[in-house]
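This structure is a prediction, so every number in the text was calculated from the model and none was measured. Chain letters run A, B, ... following the sequence lines, proteins first and then strands; every chain starts at 1.
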Amino acid sequence: MGKPLAFYEALYRDMEAARDATGIQEKVLIQVGSATCEKAAGADAVMVEFTKLIQASGRQDILLKQTGCTGRCAREPVVGVFFPGKMPVKYEEVTVPKVQTIFQEHVQNGRVVTDLMLDKRTDTLYNHVVTLCSSRSCSPDSGRTLENRLKRRLDANGVDPDTIRIFQGGCMGLCSPGAKGNQRVMMVYPAKALYHFRTDQQLDEIIQSHFVRNEILSQYLTRTDFITENFFKLYGDVAFFNKQTRLTLRNSGLIDPESLGDYVVNKGYEALARILDGKDSRAVIDEITRSGLRGRGGGGFPTGAKWKNAITYTDDPVKYVVCNADEGDPGAFMDRSALEGDPFIVIEGMTLGAYAIGARKGFVYIRAEYPLAIERLERAIRKAEDHRLLGRNIMDSGFDFEIEIRLGAGAFVCGEETALMYSIEGKRGQPRIRPPYPTQSGLWGHPTVINNVETWANVPTIILFGAEWFGRLGTEKSKGTKVFALAGKVRNTGLVEVPMGTPLREIIYDIGGGIPDDKALKAVQTGGPSGGCIPARLIDTPADFESLAAIGSIMGSGGMIILDEDDCMVATAKFFLEFTQSESCGKCVPCREGTLRMLEILERITSGEGAMEDLDKLERLGQLIRKTSLCGLGQTAPNPVLSTLQNFREEYEAHILQKRCPTHKCSRLLKYEIDPEKCVGCTLCARRCPVLCIAGKPKEAHEIDQSRCIQCGECFNACKFGAVKKN
Amino acid sequence: MTGTDVKTILHKDIVKFIRECLKKDHPDSYLIAVLHKVQGRYGWLSEPHMAEVAQLLQVPTATVSGVATFYHFFRLRPRGRFAISVCLGTACFVRGADEIVEAFRSELGIGMGETTQDGLFSLETSRCLGVCALAPVVMINEKVYSKVTAKQVPELIRQMQEG
Ligand SMILES: Cc1cc2nc3c(=O)[nH]c(=O)nc-3n(C[C@H](O)[C@H](O)[C@H](O)COP(=O)(O)O)c2cc1C
Ligand code: FES
């Protein structure tokens with residue numbers, strides 16, 4: 001064993017001892033999520049209340065801990081109460097009064113408050129909860145078949161299947177070489193026993209032991225080191241989580257993001273130690289190349305190839321690595337949550353990358369709009385420096401590397417890599433033509449590798465578990481997992497990490513819980529302002545780079561906005577174009593002027609002044625801007641318009657030919673009318689109307705003068721009798 | 001300091017920060033960081049402040065104003081005591097943020113980017129605060145309000161007027 005491994009082992013021992021000294025294994029653990037969304041939802045007050053109650057109770061056997069975001073954003077703040085050896089219990093939308101109830105009932109008296117549980121779960125009423133790994137990559141009988149088989153065997157062994165709750169989970173990331181297509185895996189709660197089996201006979205043995213005699217059958221326990229194990233142990237009993245495969249987010253919601261110790265005892269820094277301990281820098285690049293990892297920032301460029309390119313410029317001793325945390329897509333929050341939930345994994349990833357290409361300095365370029373992520377990252381960097389995991393002579397290896405944070409200032413174009421570099425240099429962030437690529441001439445002219453937050457977060461895991469293992473997740477050309485930020489008209493808004501190639505339907509319905517208020521799904525918007533709108537009929541499309549591109553959208557960085565029947569596709573396209581138009585840096589003409597012309601046309605259409613030729617004009621202009629713009633911003637700006645034109649042309653036509661917005665979203669096309677049957681003549685609408693275009697005597701039906709109406713909707717909102725109709 | 005009198009020199013912490021930057025590699029690359037500090041303290045970037053930044057950091061004044069005008073985050077006008085920022089990111093848009101903008105506009109009688117006569121409120125929009133799952137959101141000074149409805153707007157304004 002060389003010096004870095006010895007350094008690592010000492011570090012691990014220290015951190016483990018520190019953890020054990022808190023008595024976490026025997027204590028009641030209360031975890032409060034504390035990312036930006038949780039704070040917005042009131043997590044700070046929850047934390048304060050628990051602290052008060054614990055102090056007042058005088059109990060020493062309770063541990064209160066903050067964690068990052070679990071990604072279950074719609075139900076935040078989420079609080080977990082974990083009694084050793086009992087089913088983990090999660091509560092949703094916790095408020096101060098609820099804290100008092102939870103503390104009194106559950107923590108003090110051991111009675112779970114089922115009414116307040118996450119997703120109104122009633123698992124405590126079951127004797128056991130089983131999560132089956134239903135990933136097709138390791139089990140030949142997937143999902144339903146396996147579930148039925150388990151139920152049959154339970155029955156045959158005299159165990160009432162109704163006393164056990166069974167879930168079909170996603171891949172647990174457990175797939176080991178040789179196991180492919182050959183094993184079935186199940187996690188049993190509250191024992192948190194992870195079994196693997198093949199034959200019915202083996203399954204019977206497990207059932208007899210675990211479910212009948214209540215004894216864990218160790219001979220079928222899985223021994224494989226399994227990266228998402230700790231996450232699954234805490235959250236694997238909730239449908240929203242157990243359908244996911246959490247690689248990059250495996251620590252989010254599990255560890256205290258401000259605790260280096262938590263990260264280290266969850267396999268943190270093992271990858272770096274193994275590499276620094278005598279491995280050639282080429283070994284890192286080879287492993288990443290073989291893994292097939294592609295950039296998660298939107299472009300999907302092979303990461304290994306990028307790094308390899310950077311090291312060909314051997315004559316320049318100065319190189320840089322950069323983490324792109326600009327996250328400009330308005331409606332995406334993966335990178336923020338990742339940095340708030342587990343900043344260390346990104347730092348370790350960057351350190352590995354720096355070692356691979358021979359950089360001694362790195363930058364994280366992060367949006368100023370993310371104050372909490374910035375703060376957590378700053379603390380994490382300082383802690384890593386204090387423990388010699390950054391700075392000089394890292395882990396006694398002789399390798400030096402430091403990281404500096406640079407803030408963005410609200411310019412979408414600065415997410416583009418060449419603009420980003422100008423911004424780090426303190427200049428206006430205007431893109432330049434490539435080549436030369438940053439790997440040849442980047443920051444201050446030196447070779448620079450720029451990768452997205454999620455790309456960096458994948459690196460330590462690949463080094464730890466190997467390229468082959470990573471490659472088993474995902475599809476032929478899109479390996480590994482992808483984090484999506486699910487928002488819009490979907491029940492479970494939040495963060496979702498799934499293997500590449502997971503059908504959109506699974507993400508939206510099985511994990512996302514479908515569309516609220518029983519509305520119909522209309523479209524899925526992926527890729528933000530650079531992406532497209534996928535119509536509902538294509539939701540069986542697998543979410544991977546190639547498949548999404550083939551249907552006129554893009555994977556993008558992971559923003560996924562769900563649109564329902566009430567959303568106007570023309571207005572949505574206009575929304576994105578307004579965005580890109582105002583974010584255009586103005587350097588090249590097609591993007592600056594072209595997008596403005598397209599926007600003018602859309603303005604006309606949404607205010608009832610469009611003509612059918614406008615649609616051809618939009619298409620022609622769009623193609624032109626695509627082909628002639630300088631950078632990705634302009635090249636992709638027409639995508640939302642082109643994809644809606646392709647998939648929802650009839651909506652454009654309704655706006656033009658019938659001067660009607662089918663979803664009543666475009667206010668200029670609305671017509672307000674008063675139903676004389678319902679109007680009681682209360683005069684409220686006439687008094688509210690800002691242009692005084694409603695006439696009528698008290699106690700008689702009123703009427704709107706359409707020629708003067710400005711469609712502001714004041715009368716509609718004011719009427720208490722539902723007499724004003726919107727058409 | 002008298003509060004309204006911003007024509008005096010920059011706060012000593014900022015001056016110190018600039019001096020530290022001058023000792024590092026590529027001092028001019030810290031321009032954006034310095035402007036963040038100035039805005040963080042004074043709420044906006046005034047001409048005299050920018051001129052002083054230029055002088056201390058040894059970059060042309062034109063560069064400073066070029067950068068300050070390029071980035072939306074930097075404000076070149078003071079804002080109200082309550083800076084109301086309605087998120088117009090995609091998730092918030094889909095969840096009806098435009099109605100919230102309308103509600104603030106009609107309640108306060110000002111347009112986007114404007115400040116009320118009494119200097120109490122200013123209205124602006126932002127592009128995604130990353131809290132999309134709780135859309136629509138409004139940020140007032142540093143506090144984020146989630147799942148806001150247009151109906152809550154008059155109440156929010158009343159609370160601010162009283163507090
Ligand atoms: C207009 C525009 C905005 C972009 N915004 C981002 C962003 O916010 N985050 C990001 O990681 N990449 C963004 N990119 C992609 C970057 O240019 C670059 O490809 C990426 O950071 C490379 O990292 P990756 O290979 O790990 O994806 C953007 C590109 C364009 C053209
Ligand atoms: S779209 Fe409003 S917070 Fe993201």
Side-chain angles (χ1 to χ4, degrees), chain A residues 36-37 39-41 71 73-74 76 327-333 335-337 367-371 373 406-412 414 423-430 444 485-489 493-495 525 528-529 559 561-563 567 572 575-576 579 582-583 585 690 712-714 717, chain B residues 21 24-37 39-40 57 59 63-64 66-75 85 87-99 102-103 106 125-135 137-139 142-147 150-151:
Chain A
T36 299
C37 347
K39 284 186 189 259
C73 313
E76 276 162 4
E327 193 153 67
D329 173 0
F333 50 96
D335 296 345
R336 174 185 66 71
S337 304
R367 325 174 60 194
E369 288 88 340
Y370 288 174
R406 290 297 174 102
L407 300 195
F412 173 63
C414 286
S423 188
I424 289 183
E425 292 176 6
K427 302 179 181 136
R428 292 163 70 97
Q430 287 183 317
W444 297 286
L486 204 53
K489 307 284 181 57
T493 51
L495 277 194
Q525 209 284 334
I561 308 275
I562 311 302
L563 303 171
D567 289 302
T572 305
F575 164 81
F576 282 115
F579 177 83
S582 73
E583 294 293 334
C585 76
C712 69
E714 285 288 335
N717 293 332
Chain B
C21 292
K24 300 187 192 171
D25 293 343
H26 311 292
D28 54 339
S29 75
Y30 291 91
L31 174 57
I32 295 171
V34 171
L35 293 180
H36 270 299
K37 288 234 183 290
Q39 179 161 301
L57 199 61
V59 289
T63 307
V64 177
V67 165
T69 50
F70 181 82
Y71 293 97
H72 311 302
F73 198 84
F74 295 129
R75 275 184 300 272
S85 177
C87 177
L88 278 186
T90 319
C92 293
F93 169 78
V94 169
R95 292 264 187 169
D98 45 345
E99 289 166 24
E102 246 342 284
S106 72
T125 57
S126 66
R127 288 291 172 54
C128 189
L129 304 169
V131 197
C132 323
L134 301 176
V137 303
V138 174
M139 188 158 86
E142 299 303 310
K143 189 165 159 46
V144 177
Y145 294 82
S146 52
K147 297 185 184 165
K151 283 210 177 71

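- Taking 4.5 Å as the limit, some side-chain heavy atom of B/Ser29 sits within range of a side-chain heavy atom of A/Arg406.
- Chosen from A/Ala487, A/Gly494, A/Gly429, the residue pairing most often with chain B at heavy-atom distances under 4.5 Å is A/Gly429.
- Across B/Leu134 and A/Ala40, no two heavy atoms sit closer than the pair CD1-CB, 4.3 Å.
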One pair to check against side chain to side chain contact (heavy atoms under 4.5 Å, CB included): A/Phe575 and B/Thr90. What are the steps and the verdict?
CA-CA 8 Å; A/Phe575 164 81; B/Thr90 319; 3.5 Å; yes

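- Most heavy-atom pairs under 4.5 Å with chain A: of the set B/Leu31, B/Val67, B/Thr69, this distinction falls to B/Val67.
- Heavy atoms of other residues, nucleotides or ligands lying less than 6.0 angstrom from CD of A/Glu425 number more than 12.
- Residues A/Ala368 and B/His36 come closest through the heavy atom pair CB-CE1, 3.5 Å.
- Across A/Ala332, A/Cys585, A/Pro371, A/Ala41, the residue that shares the most heavy-atom pairs under 4.5 angstrom with chain B is A/Ala332.
- Looking at A/Ile424, only its backbone comes within 4.5 Å of chain B, counting heavy atoms on both sides.
- When the candidates B/Ser126, B/Gly66, B/Ala133, B/Gly89 are compared by the number of heavy-atom contacts under 4.5 Å with chain A, B/Ala133 comes out ahead.
- Using a 4.5 Å cut-off between heavy atoms, A/Ile562 contacts chain B through its backbone alone, with no side-chain atom that close.
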Tell me, with the steps shown, if A/Arg428 and B/Tyr71 meet side-chain hydrogen bond (donor to acceptor under 3.5 Å, both in side chains).
CA-CA 8 Å; A/Arg428 292 163 70 97; B/Tyr71 293 97; over 6 Å; no

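- Residue contact with chain A, scored on non-hydrogen atoms closer than 4.5 Å, is absent for B/Lys151.
- When each of A/Glu369, A/Glu714, A/Arg336 is checked for heavy-atom pairs under 4.5 Å with chain B, A/Arg336 comes out on top.
- Using a 4.5 Å cut-off between heavy atoms, A/Ser337 does not touch chain B at all.
- Comparing A/Ile561, A/Asp335, A/Thr572 by heavy-atom pairs within less than 4.5 Å of chain B, the highest count is held by A/Ile561.
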Step-by-step side chain to side chain contact (heavy atoms under 4.5 Å, CB included) determination, B/Arg127 to A/Phe412
CA-CA 9 Å; B/Arg127 288 291 172 54; A/Phe412 173 63; over 6 Å; no

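- Nearest heavy atom pair, residue B/Phe70 against residue A/Cys414, reads CE2-SG, 4.4 Å.
- Of the atoms belonging to A/Lys489, heavy atoms from both backbone and side chain fall under 4.5 Å from chain B.
- In terms of non-hydrogen atom pairs under 4.5 Å with chain B, the most contact-rich of A/Phe576, A/Phe579, A/Trp444, A/Tyr370 is A/Trp444.
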Which is it for A/Thr493 and B/Arg95 under the side chain to side chain contact (heavy atoms under 4.5 Å, CB included) test, yes or no, and what are the steps along the way?
CA-CA 12 Å; A/Thr493 51; B/Arg95 292 264 187 169; 4.2 Å; yes

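- For A/Gly331 against B/Cys128, the heavy-atom pair with the smallest separation is N-SG, 3.3 Å.
- For the set A/Glu327, A/Lys39, A/Lys427, the entry with the most heavy-atom pairs within less than 4.5 Å of chain B is A/Lys427.
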